[in-house]
Number of protein chains: 2
Amino acid sequence: MRYHRIPAETVRRLPVYLNALLLSLQQGKSISSSELSAIVGINPLQIRKDFSYFGGFGTRGVGYNIEKLIKKIKKILKLDSHHQAVLVGAGNLGSAVLAYPGFAAYGFQIAAAYDSDPAKIGKTINNITIEDAENIINLKKKNIKIGIIAVPRQQSQAIAQSLVNAGVTGILNFSPCRLAVPKRVKVITINIATDLARLPFYMPADKKIGFALNKRA
Amino acid sequence: MRYHRIPAETVRRLPVYLNALLLSLQQGKSISSSELSAIVGINPLQIRKDFSYFGGFGTRGVGYNIEKLIKKIKKILKLDSHHQAVLVGAGNLGSAVLAYPGFAAYGFQIAAAYDSDPAKIGKTINNITIEDAENIINLKKKNIKIGIIAVPRQQSQAIAQSLVNAGVTGILNFSPCRLAVPKRVKVITINIATDLARLPFYMPADKKIGFALNKRA
DNA sequence: GCATGTGAAAATCTTCACAGCA
DNA sequence: TGCTGTGAAGATTTTCACATGC
């Protein structure tokens with residue numbers, strides 16, 4: 001099954017593995033699927049299957065060579081080179097994204113930030129000065145192909161358009177709506193509220209003790 | 001196929017539909033699957049199939065009664081009553097969550113916020129005063145069953161433990177690691193960095209024009 | 001005519017059983 | 001013996017084809 005197309009669900013898990021592997025680097029040279037499982041909470045069989053899509057990195061009886069595996073996963077995810085991104089929207093969420101420490105491990109860096117609110121333009125957060133959103137042009141020249149959108153719903157489509165015009169081909173979208181973009185542009189949407197909204201579905205129902213006891217009696 | 005168990009993937013889409021339906025309420029009485037599709041970007045066939053799991057809300061030739069559908073989806077997701085939640089971690093991300101305007105539409109309200117940093121305890125953000133994380137006790141009494149974790153990785157497991165001890169049965173976790181909790185507790189993890197990390201995989205490769213032309217020639 | 005609703009087919013993803021190797 | 005690797009089975013999800021009803 002070597003050199004198979006990598007399933008979307010596996011691609012979703014790869015960054016999780018990568019994160020855990022980077023943390024395990026200092027623990028030793030190799031890691032077994034069950035050790036990795038204990039860290040990420042994904043069953044070891046699934047992990048082995050995922051790794052099998054891109055060939056033999058494991059040693060039977062031992063486990064996987066951490067360093068080689070990291071390199072391979074980075075290559076597959078195209079994280080072997082660094083990526084620069086721009087942020088649009090320097091409100092509460094945008095500012096948090098700007099200060100988020102977790103991007104560096106994957107080789108991401110935020111190179112510029114924009115807002116359309118005059119009160120925010122010119123301010124500096126985390127060494128980055130907010131620029132006018134009108135200036136979102138020619139990002140291609142600066143080799144920036146990723147945009148992060150953290151503006152209100154009403155503005156997000158227009159911002160997406162500007163980003164695409166400026167050369168962006170990947171968008172991380174925090175606004176709670178669909179973005180219409182050309183097919184070549186990939187959008188990944190994070191919607192905090194919709195994720196929270198399915199939590200109650202999975203939570204156990206309240207026990208109304210009196211009735212519950214009667215029912216079970 | 002009526003009164004079938006609702007698939008996990010459908011549950012994931014229900015909040016998205018709900019969001020769109022709430023926005024459509026003012027547009028008219030009913031909405032067809034293709035109109036809804038245009039808003040949410042999910043194909044109409046999938047939408048009809050999803051709705052079919054909980055019975056006939058549509059009128060053939062017309063569409064779905066928006067109001068009834070909203071009620072039904074809210075009931076399924078257990079969003080027909082309001083939910084109070086607590087936030088732990090008032091750093092950049094936590095503060096953004098505290099100010100996030102998107103929760104109210106689903107009936108969520110953040111009732112309290114905690115941090116363990118003395119510099120933050122006592123501060124007020126969005127009318128909520130940050131309390132000492134040591135005080136995370138007896139949330140059950142206040143009818144709070146949802147916790148939102150926005151603390152650094154190292155502290156997240158301990159906080160999860162406190163929340164569970166205090167009576168929480170649902171956790172929205174922003175820290176980039178797995179939380180070990182009893183089976184009855186549902187955890188949904190949002191990891192901004194891992195989502196961003198799979199963007200390059202889907203982005204088109206740079207064309208090195210010279211070579212590309214040669215190769216295709 | 002138009003849009004919902006549903007059993008069946010197709011595609012995708014996960015789990016199983018066990019072969020292969022250090 | 002211990003852990004990886006893989007074809008096949010099983011489960012889940014999506015898509016299809018078309019029946020149904022306003």
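The chains referred to below are lettered A, B, ... by the order of the sequence lines, with proteins before strands, and numbering in each begins at 1.
Residue-level contact check: A/Phe51 touches neither bases nor backbone, having no heavy atom under 4.0 Å from any strand. Residue B/Phe57 is classed as a sugar-phosphate contact, given heavy-atom separations below 4.0 Å to backbone atoms only. Across all strands shown, A/Arg13 has heavy atoms under 4.0 Å from sugar-phosphate atoms exclusively, and none from any base.
The separation between A/Ile6 atom CD1 and C/dC13 atom P is 12 Å, rounded to whole Å. Rounded to whole Å, atom P of D/dT4 lies 11 Å from atom CG of A/Leu69. Regarding B/Tyr53, its OH atom lies at a distance of 16 Å from the P atom of C/dT4, rounded to whole Å. In this entry the distance linking CD1 of A/Ile47 with P of D/dT4 reads 9 Å, nearest Å. Rounded to whole Å, the distance from CD on A/Glu9 to C1' on D/dA11 is 14 Å. Here the P atom of nucleotide D/dT6 and the CZ atom of A/Phe54 are 12 Å apart, to the nearest Å. Between the CG atom of A/Asp50 and the P atom of C/dT12 there is a distance of 16 Å, given to the nearest Å. Computed from coordinates, the A/Asn43 CG to D/dG10 P distance equals 18 Å when rounded to whole Å.
A/Phe201 pairs by the side-chain contact (heavy atoms from CB on, under 4.5 Å) definition with B/Val11, B/Ile76, B/Leu77, not counting sequence neighbours. Scored by the side-chain contact (heavy atoms from CB on, under 4.5 Å) test, A/Ala158 finds no partners at all (sequence neighbours excluded). A/Tyr100 pairs by the ring pair (Phe, Tyr, Trp, His ring centres under 6.0 Å) definition with A/Phe103, not counting sequence neighbours. Qualifying side chain to side chain donor-acceptor pair (under 3.5 Å) partners for B/Ser30, counting only residues two or more places apart in sequence or in other chains: none. Judged as a ring pair (Phe, Tyr, Trp, His ring centres under 6.0 Å), and not counting sequence neighbours, B/Phe174 has no contacts. Looking at residues two or more places apart in sequence or on another chain, you find a side-chain contact (heavy atoms from CB on, under 4.5 Å) between B/Lys186 and A/Leu199, A/Tyr202, B/Ile188.
Using a 4.0 Å cutoff on non-hydrogen atoms, the parts of residues 28-36 of chain B near DNA chain C are B/Ser32, B/Ser33, ordered by number.
When each of A/Gln46 and B/Tyr64 is assigned the nucleotide of DNA chain C bearing its nearest heavy atom, the one mapping closer to the 5' terminus is B/Tyr64.
Salt bridge status for A/Lys74 with A/Asp80: absent, with no side-chain N to carboxylate O gap under 4.0 Å.
Counting only heavy atoms from C-beta outward, the side chains of B/Ile47 and B/Ser37 approach each other to under 4.5 Å.
For residues 7-39 of chain A, the pairs satisfying ring-ring contact (aromatic ring centres under 6.0 Å, His included) are A/Tyr17-A/Phe51, with sequence neighbours left out.
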Nucleotide by nucleotide, 5' to 3', does protein get under 4.0 Å of the base (B), only the sugar-phosphate (S), or neither (-) in nucleotides 16-22 of chain D, counting heavy atoms?
-> BB-BBBB
